[in-house]
Amino acid sequence: MTVSLEQLRRCHFAVDLGAARTRVYVKGMGLVVDQPSVAAMNTRTGALIAVGELAERMTGRTPDYIRVVRPVAGGTVVDIEMAQRMLRHLLGDKTRRMLRRKPRLRAAACTPHDADPLAQRATIETLVGLGARRVELVDTLIAAAVGCGLPVERPEATMILVCGAAATQVAVLSLGSIVCAERLPVGGEAVDHAIVQLLRHEHELMLPSQSVRPLQIALSGNGLTPYGPTSTEIHGRDVATGRARSVLVDTAAVRDAIQTPLTAVLDGIGKVLRDCPPDLVADLADRGIMMVGGSALLPGFDELLREATGMPVHIAERPDVCVVQGIGAMLEGRIEPLALGPLAA
Ligand SMILES: Nc1ncnc2c1ncn2[C@@H]1O[C@H](COP(=O)(O)OP(=O)(O)OP(=O)(O)O)[C@@H](O)[C@H]1O
Ligand SMILES: [Mg+2]
């Protein structure tokens, strides 16, 4: 996937359609949308009832005739029509009217590192449905590296870890291009799911995955190492009686439960390091790993990586919006043409 910076500079807006959140950057305006990738529809009339935060709050709380849907899954648009409707609503009338006035509307979108042609097509079609006459695709890893200000143009290796909801992508970049990369199908959703399963099996308590955050916060302070608060109270529904109940959950048990997805990420990093030329690995030992994506905020994740790899680990300043800000910077022409070797025309 190579796209010229010149083409990107001509784009009017950029979209990052994530499994958890949808973000839109409009040239000259900045980040205008940062909302959950969720839509709620009336199954009787087919009408859209809510999108974004509001629709997410409806999850699990709707009557039969309202369905809450997620048009993006695993980093891919799985329901093109719904994704278009969701984006139209999220953009709002004013921004849409402004974009419609452009004579030849051009859009940019980021796609996961190893997105297959079908997934790329789905992203393009979603934006064409929004009126884009031309759509440029950018590798998420490149956008993320630009967004967090990594010096990708230099002949020194940098490692980036994009911790999303559905997937974690890891890459070594040098001279503006990807030297080696892996995409692992585990992310924030897998971590939440592991905690939900723990509560179900150990405490016979059911609760939605959006409610496990207090248990993750308990991992903070001393991270995934065993010194944080020893237990946290959490409310849910008893599996057998259906009644509301609260339990005290052991922090150590939560730490153990999320080991499986986190180990998969560590294995992925190991593989990228093994595939990487030795000279670049030496650079990485100095420069370390830059973490971006919403799941980079998982308390103690950085500490775990530091311990497992022995390398310095940094979390980007606003890890959640790095990717979209990266494409935004390319749209605004804030990147020197020389900065991205193969990406430049
Ligand atoms: N403070 C936090 N602590 C732990 N996890 C967090 C925090 N904030 C966000 N997350 C997790 O980050 C994920 C969302 O990250 P992000 O917005 O990068 O995902 P996405 O871009 O929608 O997903 P993908 O790129 O995989 O399609 C969610 O799974 C969410 O649970
Ligand atoms: Mg993402």
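In what follows, every heavy atom counts, from backbone to side chain, and hydrogens, waters and symmetry copies are set aside. Both ligands and their constituent atoms are indexed starting at 1 by order of listing. A quick note: this is a predicted structure, and the numbers were derived from the prediction, not measured.
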Nearest heavy-atom neighbours spanning Ala108 and Ile327: CB-CG2, 4.1 Å
Provide, to 0.1 Å, the distance between atom 14 (C) of ligand 1 and the closest protein heavy atom, together with that atom's residue and name. Ala20 CB, 3.8 Å
Sub-4.0 Å atoms of ligand 1 with respect to non-hydrogen atoms of Gly188: 29 (O)
Option from Val15, Ile124, Leu130, Leu105 for which side-chain contact (heavy atoms from CB on, under 4.5 Å) with Val135 holds: Ile124
Considering both backbone and side-chain atoms of Ala165, is one of its nitrogen or oxygen atoms within less than 3.5 Å of a nitrogen or oxygen in ligand 1? yes
Between Ala143 and Val323, what is the shortest heavy-atom contact and its length? CB-O, 3.6 Å
For Arg23, which part has a heavy atom under 4.0 Å from ligand 1: side chain, backbone, both, or neither? side chain
May I ask you to identify the nearest protein heavy atom to atom 16 (P) of ligand 1, giving residue, atom name and distance to one decimal place in Å? Gly294 N, 3.6 Å
shortest atom 27 (O) of ligand 1-to-protein heavy-atom contact is with Ala19 N, 2.7 Å
Under a 4.0 angstrom heavy-atom cut-off, which atoms of ligand 1 come close to Arg21? 22 (O)
So which of His193, Gln216, Gln210 gets nearest to atom 4 (C) of ligand 1, if we judge by its closest heavy atom? Gln216
Crowding at CD, Gln35 (>12 non-hydrogen neighbours, <6.0 Å): yes
Testing the basics here: between Met291 and Cys163, what is the closest heavy-atom pair and its distance to 0.1 Å? CE-SG, 4.1 Å
Heavy atoms only, cut-off 4.0 Å: how does Ala166 contact ligand 1, side chain, backbone, both, or neither? both
Would Leu298 count as a contact of ligand 1 if the rule is a heavy atom under 4.0 Å away? yes
Which atoms of ligand 1 have any heavy atom of Asp192 under 4.0 Å away? 31 (O)
How close do Pro71 and Ser37 get, counting heavy atoms only, and between which atoms? CD-O, 3.6 Å
More than 12 heavy atoms from other groups under 6.0 Å of NE2 on His314: yes
Please say whether more than 12 non-hydrogen atoms of neighbouring residues, nucleotides or ligands are located less than 6.0 Å from CD in Glu332. yes
What atoms of ligand 1 come within less than 4.0 Å of a heavy atom belonging to Ser295? 11 (C), 12 (O), 13 (C), 15 (O)
Check Asp283 against Ala157 and note the closest heavy-atom contact, atom names and distance. OD2-N, 3.0 Å
What atoms in ligand 1 come closer than 4.0 Å to a heavy atom of Gly293? 18 (O)
Atom indices of ligand 1 within 4.0 angstrom of Glu189 heavy atoms, with elements: 29 (O)
Nearest non-hydrogen protein atom, atom 30 (C) of ligand 1: Arg213 NH2, 3.6 Å
Between Lys27 and Arg9 (side chain of the first, backbone of the second, donor and acceptor by atom type, cut-off under 3.5 Å), is there such a pair? yes
Just one of Val254, Val249, Ile234, Leu207 clears the side-chain contact (heavy atoms from CB on, under 4.5 Å) bar with Ile195, so which one? Val254
May I ask you to identify the nearest protein heavy atom to atom 2 (C) of ligand 1, giving residue, atom name and distance to one decimal place in Å? Leu297 CB, 3.6 Å
Protein heavy atom at shortest distance from atom 25 (O) of ligand 1: Gly164 CA, 3.9 Å
